[in-house]
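Predicted, not measured: the structure shown is a model, and the values here were computed from it.
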Amino acid sequence: EGVEFRLSADAFSEVNSAAEDAMFAHVVEWAADLREECPRLQLLGRNSGFYGLALQRELSFEEVRGCTHCPQTAADAEASIEMHAGKPWLPNGADTFRFSRIGKAGFFEQVRALEGGPPTLVH
(Lines give C-alpha, C1' and ligand atoms only; values in the text may rest on other atoms or scores of the structure.)
Protein backbone atom coordinates (compact mmCIF):
# COMPACT_ATOMS: atom_id res chain seq x y z
CA GLU A 1 0.00 0.00 0.00
CA GLY A 2 1.36 3.40 -0.96
CA VAL A 3 1.66 6.60 1.03
CA GLU A 4 -1.00 9.25 0.41
CA PHE A 5 0.59 12.35 -1.05
CA ARG A 6 -0.87 15.63 -2.29
CA LEU A 7 -0.01 16.19 -5.94
CA SER A 8 -1.05 19.47 -7.52
CA ALA A 9 -2.04 19.52 -11.18
CA ASP A 10 0.89 21.78 -12.09
CA ALA A 11 3.52 19.93 -10.02
CA PHE A 12 6.05 17.64 -11.64
CA SER A 13 6.00 13.95 -10.74
CA GLU A 14 7.04 10.67 -12.28
CA VAL A 15 4.29 8.40 -13.53
CA ASN A 16 3.53 5.81 -10.86
CA SER A 17 4.19 2.74 -12.97
CA ALA A 18 5.65 -0.73 -12.55
CA ALA A 19 9.08 0.71 -13.38
CA GLU A 20 8.75 3.34 -10.65
CA ASP A 21 7.64 0.67 -8.16
CA ALA A 22 10.64 -1.52 -9.06
CA MET A 23 13.03 1.42 -8.72
CA PHE A 24 11.57 2.35 -5.34
CA ALA A 25 11.94 -1.24 -4.12
CA HIS A 26 15.64 -1.07 -4.98
CA VAL A 27 16.02 2.28 -3.18
CA VAL A 28 14.34 0.85 -0.05
CA GLU A 29 16.59 -2.22 -0.14
CA TRP A 30 19.69 -0.06 -0.55
CA ALA A 31 18.65 2.35 2.21
CA ALA A 32 17.70 -0.49 4.57
CA ASP A 33 21.23 -1.89 4.33
CA LEU A 34 22.62 1.47 5.49
CA ARG A 35 19.87 2.52 7.92
CA GLU A 36 21.61 1.39 11.11
CA GLU A 37 24.73 3.37 10.24
CA CYS A 38 22.79 6.38 8.93
CA PRO A 39 19.99 7.55 11.22
CA ARG A 40 19.29 10.63 9.07
CA LEU A 41 18.14 10.98 5.46
CA GLN A 42 18.72 13.93 3.12
CA LEU A 43 16.92 14.15 -0.23
CA LEU A 44 17.18 16.61 -3.10
CA GLY A 45 14.81 17.06 -6.00
CA ARG A 46 11.21 17.16 -7.06
CA ASN A 47 10.42 13.66 -5.84
CA SER A 48 12.13 14.09 -2.48
CA GLY A 49 8.84 14.70 -0.66
CA PHE A 50 7.23 11.48 -1.89
CA TYR A 51 10.41 9.45 -1.56
CA GLY A 52 11.12 10.93 1.86
CA LEU A 53 7.69 10.03 3.20
CA ALA A 54 7.79 6.54 1.71
CA LEU A 55 11.32 5.85 3.02
CA GLN A 56 10.41 7.27 6.42
CA ARG A 57 7.41 4.98 6.63
CA GLU A 58 9.56 1.96 5.74
CA LEU A 59 12.72 2.75 7.78
CA SER A 60 11.85 5.35 10.48
CA PHE A 61 14.83 7.70 10.26
CA GLU A 62 15.49 10.00 13.24
CA GLU A 63 15.38 12.98 10.89
CA VAL A 64 14.54 13.51 7.23
CA ARG A 65 15.35 16.63 5.25
CA GLY A 66 14.08 17.25 1.76
CA CYS A 67 14.48 20.17 -0.56
CA THR A 68 13.54 21.26 -4.04
CA HIS A 69 13.64 24.41 -6.13
CA CYS A 70 10.06 23.80 -7.36
CA PRO A 71 7.46 25.82 -5.38
CA GLN A 72 4.52 23.53 -6.29
CA THR A 73 6.41 20.41 -5.24
CA ALA A 74 7.51 22.03 -1.98
CA ALA A 75 3.92 23.04 -1.16
CA ASP A 76 2.68 19.51 -1.93
CA ALA A 77 5.41 17.95 0.23
CA GLU A 78 4.67 20.25 3.17
CA ALA A 79 0.92 19.49 2.94
CA SER A 80 1.64 15.76 2.74
CA ILE A 81 3.95 15.87 5.76
CA GLU A 82 1.21 17.64 7.71
CA MET A 83 -1.31 15.00 6.55
CA HIS A 84 0.84 12.24 8.11
CA ALA A 85 2.04 14.12 11.23
CA GLY A 86 1.48 12.12 14.40
CA LYS A 87 1.51 8.72 12.71
CA PRO A 88 3.85 6.21 14.37
CA TRP A 89 6.38 6.59 11.55
CA LEU A 90 6.20 10.42 11.55
CA PRO A 91 5.49 11.23 15.21
CA ASN A 92 6.66 14.84 15.18
CA GLY A 93 5.52 15.79 11.68
CA ALA A 94 7.52 18.70 10.32
CA ASP A 95 10.04 18.42 13.19
CA THR A 96 10.91 14.92 11.95
CA PHE A 97 10.68 15.69 8.21
CA ARG A 98 11.94 19.17 7.43
CA PHE A 99 11.15 20.19 3.88
CA SER A 100 12.20 23.41 2.25
CA ARG A 101 12.20 25.23 -1.03
CA ILE A 102 15.72 26.29 -1.86
CA GLY A 103 17.88 27.51 -4.67
CA LYS A 104 20.01 24.70 -6.02
CA ALA A 105 23.06 26.16 -4.28
CA GLY A 106 21.31 25.92 -0.89
CA PHE A 107 21.45 22.11 -0.88
CA PHE A 108 25.12 22.12 0.10
CA GLU A 109 24.43 24.37 3.09
CA GLN A 110 21.72 21.97 4.25
CA VAL A 111 24.07 19.00 3.99
CA ARG A 112 26.80 20.92 5.83
CA ALA A 113 24.29 21.74 8.58
CA LEU A 114 24.10 18.00 9.31
CA GLU A 115 27.85 17.71 9.91
CA GLY A 116 29.00 16.71 13.34
CA GLY A 117 26.14 14.31 13.93
CA PRO A 118 25.60 10.70 12.97
CA PRO A 119 26.16 9.68 9.32
CA THR A 120 23.56 10.78 6.83
CA LEU A 121 22.18 8.84 3.88
CA VAL A 122 21.82 11.22 0.90
CA HIS A 123 19.52 10.33 -2.01
Side-chain angles (χ1 to χ4, degrees):
E1 179 182 318
V3 173
E4 288 185 32
F5 188 81
R6 189 181 94 177
L7 185 61
S8 298
D10 56 350
F12 171 84
S13 182
E14 299 293 334
V15 175
N16 189 3
S17 65
E20 180 75 13
D21 292 343
M23 183 177 78
F24 181 71
H26 287 293
V27 171
V28 169
E29 183 180 327
W30 173 72
D33 288 344
L34 298 170
R35 171 59 184 90
E36 197 165 311
E37 296 174 45
C38 301
R40 300 183 293 178
L41 176 65
Q42 173 82 23
L43 301 112
L44 169 67
R46 291 183 175 187
N47 283 340
S48 59
F50 164 75
Y51 265 83
L53 282 171
L55 287 168
Q56 178 63 12
R57 185 186 71 175
E58 296 296 320
L59 302 170
S60 295
F61 288 90
E62 291 174 12
E63 179 182 4
V64 179
R65 290 190 186 187
C67 55
T68 184
H69 66 283
C70 177
Q72 296 89 354
T73 302
D76 287 343
E78 290 165 352
S80 299
I81 291 164
E82 182 63 31
M83 184 182 353
H84 294 289
K87 291 186 177 177
W89 52 270
L90 196 62
N92 298 315
D95 288 335
T96 300
F97 191 153
R98 297 177 182 166
F99 201 91
S100 58
R101 181 177 175 270
I102 60 166
K104 290 182 182 181
F107 174 69
F108 298 106
E109 284 71 31
Q110 283 202 19
V111 171
R112 285 191 194 108
L114 295 173
E115 288 182 33
T120 303
L121 181 63
V122 179
H123 174 268

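In this structure, L41 CG and L34 CG are separated by 11.0 Å, a value rounded to the nearest 0.5 Å. Here CD of E82 is found 13.5 Å from CZ of F97. Values are rounded to the nearest 0.5 Å. Of the inter-residue distances, the one linking C38 atom SG with L59 atom CG reads 11.0 Å to the nearest 0.5 angstrom.
When all heavy atoms of A85 and G93 are compared, the closest pair comes out as CB-CA, 3.6 Å. Annotation for Q42 and C67: closest pair NE2-SG, 4.1 Å, computed over non-hydrogen atoms. When all heavy atoms of P91 and P88 are compared, the pair lying nearest together is CD-O, 3.6 Å. Of all heavy-atom pairs spanning L53 and S80, the tightest one is CD1-CB, 3.6 Å.
Contact check for R65 versus S48: no side-chain heavy atoms found under the 4.5 Å cut-off. F24 is listed as a side-chain neighbour of L55, based on a closest heavy-atom distance under 4.5 Å. Here the side chains of T68 and F99 are in contact, with some heavy-atom distance below 4.5 Å. A heavy-atom distance below 4.5 Å is found between the side chains of L90 and Q56.
R6 places no side-chain N or O within donor-acceptor distance of the main-chain N or O of A79, the cut-off being under 3.5 Å.
Both Y51 and F5 belong to a common hydrophobic cluster when Ile, Leu, Val, Met, Phe, Trp and Tyr are linked at side-chain heavy-atom distances under 4.5 angstrom. One hydrophobic cluster, built from ILVMFWY side chains closer than 4.5 Å, cannot hold both W89 and M83; they sit in different ones.
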